[in-house]
Amino acid sequence: MNQYFHNMINGIQTVFEGMSITLASMFQGPATVEYPDVDVRSVDSIRVGLKGKRGYKGNLRGMPENYRGILDVDMSICTACLICMKACPIDCIAITNVKCDKRKLQGKNGKPAAQTRAATRFDIDIAKCMFCGLCVEPCPTGAIFHTNEFEMNRDNLEGLILRFVAPEEAEKASKRAAEIAVEQAEKKAALAKEKAAAKGEDS
Amino acid sequence: MNKELTTQFMTINMGPQHPSTHGVIRFIIDTDGEIIHRCDPDIGYLHRSIEKIAEKVTWQGFVPYTDRVDYLCAMNANWAYSMAVEKMIGVEAPRRAEFIRVIVAELNRISSHLIAIGTTAMDMGAFTPFIQLLREREYINDLLEMASGARLTYNYICIGGVMADLPLGWSEKCEEFIHHFDLAMEQMNRLVTYNQIFINRMANLAVVSPQMAQAYNLVGPNLRASGIKRDVRRDAPYSVYPELDFEIPVGKGLEGEVGDCYDRFFVRVEEIRESLRILRQCLKMIPEGEVMAKVKKTIKPPAGHYYVRHETPRGDTGYFIQSDGTTSPYRLKIRSGSFTGMSIIGELAKGTFIADLVAIIGSLDVVAPELDR
Amino acid sequence: MNTQDAFQLIQAKVSAPIQLLEGPTPSILVRPQGLVEVLTFAKEDPQLDCQVLTCQTGSHQEDEIRLFYHLLSHEQNHLFVFECPVPLSDPKAPSVTSLWPAANWLERETYDLLGVHFEGHPDLRRIMLPEDWEGFPLRKDYVTPTSYHDSGFDLTVDNRPSAITQSFNLSKGDEKEDE
């Protein structure tokens, strides 16, 4: 009988203890910010959003610099080397390239690189992308990188494919590639002629 | 009027869309009134053929897929796979990387256990603890996001080390969090762990004896709750765990028999405390240095089969990898804690109430994607 | 105890022929005929004391399916690997469910994905895939199906947005005008 009442009192006590915690959290202010109204990318606006919150507020860093959002490519330093395409485990990057005039450039990491090929197509299917960052890591110039952008709503499905090479540029590059091919063939022919002439002199 | 009353079993279907089955799992239950006579878990709704995918992608390319095997502890899954491949190609991660791995994995263990505790309480009808614990988990997610750049599928631990060094000021933020979390954990215990109603609901329910736990191959907290003091971090130590000082909590039968639902619940609460202890030590001990070992761009491990065990929040997770010396695995099998944890439910649920089945699933901490892979 | 010692112990006590395989992970090869005998010994011998079947799986190799049994002892803290080759023409192996109940689901998974029939298994059904699935996906000669029975659902359809756009006949010209 004693045990019975003891259990009852214990039950009521622990329930009230739990309720006191629940009630206390009513006066602690909100722990979240309302997303579309508050700019979650900036720390200051989050801080304003959490103004009423008491106690620990989390680490309050907004969006970190290394956030892995939608991919972007800096075509001015891309060497169209296809490394990112090969690194992607789900094949969401499609690149085709042609020969171009040799050009020296500086990568984002400060390392010099040489471009011998230009991309005629550089598409990333962000509907398929899983933001793993495996393409960013091996890039020799740092041309492909993650942005802080995470809002992927588009008004049509076609918009989910990012195309980094405009059709005009692609046309220009392929035209130039054809010219280079002709030039090289001419050079080769001239070389062969010289060699043949030299041989003829020898004999 | 001498007719005997006859009863007959009713077969009911629980799931696949049921709030307390923690994912897409279906149970076919034969009931006699409110009592379960037979419970047959029907799994496979989340089968994404990850083991088949492994045979098509490169060794590095499989790391992001391990995130998806168990999304509640992606760091641990990354680590388990990376450790297996490192063992195969004979690469050792730098010391700083090993410490970073321990820190992020223990943080992830805490966040996974918070979900386990919170959902168990929610299945019992207490919604407040779940919300409170999700708030705490969000702080951990913020910390891991700062380190890795993603909130859930990190892909941070890679073959040969970690993707990037910890950002400036991370350790201070982490210490701040640990200081806050100690108090939050105390509050959580008062809210749910020591609640008499909750204890009465969980104690003496679905007792798993040590023999049964071994026979059904339970792992991790579920095994330890039955009184078997086994932890891969101690038995087959890896990384820097031998240098760290931590206890392995086991079920003691605090409110009932050893190995009941409450023990399984309480072992997780204790493990969070041990994880905090490990974190404190690691933040003091972490050295400076490199975070990435030199690894070839194209990995070609020698032919043969390997089995690597790793302690994730759901216990001893085994990666069986067979290589034929090419650029992708020949056969990869993930032996997950949820899979064997689920196979015991048919046995445990016999003779319990339907409402108790929910408690059993919650206490075993089954995660559906890891179960089906 | 390492695998060599375990091999010698089993060879001395069990009549079934076994073979020690070297490699990155040493293992013990057992024929299907002697499998249950050897595994029973491994479980009951006080020195081996393998109370836990921690992993059971298989892999398709040319003309055979090789089954792997990973046995773990909590008391002695050691892990042994047993291999058992099963011919692909007649993939049959004895079930070890009577020794470890954990083998029930693990063997069902191996049956589901690799098509090995475990004789004496109490409930050999598919576990991951639907009951009416054809073929065993983890075999190397498995051909990915193009449709699921006569559901009319073509699995080869490219579901990338570019392909979807074409199938929906969304015109690309209009967008440009809008911009």
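In terms of non-hydrogen atom pairs under 4.5 Å with chain A, the most contact-rich of His180(B), Arg151(B), Arg68(B) is His180(B). Between chain A and the options Arg135(B), Gln187(B), Glu145(B), the largest number of non-hydrogen pairs under 4.5 Å is found for Glu145(B).
The number of heavy atoms from other shown groups lying within 6.0 Å of CD (Glu171(A)) does not exceed 12. A 6.0 Å sphere centred on OH of Tyr35(A) holds more than 12 heavy atoms belonging to other residues, nucleotides or ligands. Around NZ of Lys300(B), the count of heavy atoms belonging to other residues, nucleotides or ligands within 6.0 Å does not exceed 12. Counting heavy atoms of neighbouring residues, nucleotides and ligands inside a 6.0 Å radius, atom CD of Glu55(B) exceeds 12 of them. Enclosure of atom CD in Glu290(B) is not indicated, since only 12 or fewer non-hydrogen atoms of other residues, nucleotides or ligands lie within 6.0 angstrom. Enclosure of atom CG in Leu168(B) is not indicated, since only 12 or fewer non-hydrogen atoms of other residues, nucleotides or ligands lie within 6.0 angstrom.
Both the backbone and the side chain of Arg190(B) come within contact range of chain A, judged by heavy atoms closer than 4.5 Å. Contacts of Ala184(B) with chain A are absent, with no heavy-atom separation under 4.5 Å from either backbone or side chain. Within the 4.5 angstrom heavy-atom criterion, only side-chain atoms of Pro64(A), from C-beta onward, approach chain B.
Side-chain atoms of Arg68(A) come within 3.5 Å of backbone N or O of Tyr154(B) as a donor-acceptor pair.
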Trace of the side chain to side chain contact (heavy atoms under 4.5 Å, CB included) decision for Gln60(B) with Glu137(A): CA-CA 11 Å; Gln60(B) 288 104 328; Glu137(A) 201 185 7; over 6 Å; no
Start with the C-alpha gap between Ile21(A) and Thr128(B), add the side-chain angles, then the distance that decides, and say whether side chain to side chain contact (heavy atoms under 4.5 Å, CB included) holds. CA-CA 10 Å; Ile21(A) 292 167; Thr128(B) 319; over 6 Å; no
List the steps, then state whether side chain to side chain contact (heavy atoms under 4.5 Å, CB included) holds for Tyr65(B) with Ile90(A). CA-CA 10 Å; Tyr65(B) 284 99; Ile90(A) 44 176; 3.0 Å; yes
From CA spacing to verdict: side chain to side chain contact (heavy atoms under 4.5 Å, CB included), Leu134(A), Asn155(B): CA-CA 9 Å; Leu134(A) 286 180; Asn155(B) 188 24; 4.0 Å; yes
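Gly61(B) and Pro89(A) get closest at one heavy-atom pair: O-CB, 3.4 Å.
Between the CD1 atom of Ile83(A) and the NZ atom of Lys297(B) there is a distance of 5.5 Å, given to the nearest 0.5 Å. The distance from atom CD1 of Ile197(B) to atom CD1 of Ile12(A), rounded to the nearest 0.5 Å, is 9.0 Å. Note that CG of Asn7(A) and CG of Asn200(B) are 7.0 Å apart. Values are rounded to the nearest 0.5 Å. The CE atom of Met146(B) sits 8.5 Å away from the CG atom of Asn66(A) when rounded to the nearest 0.5 Å.
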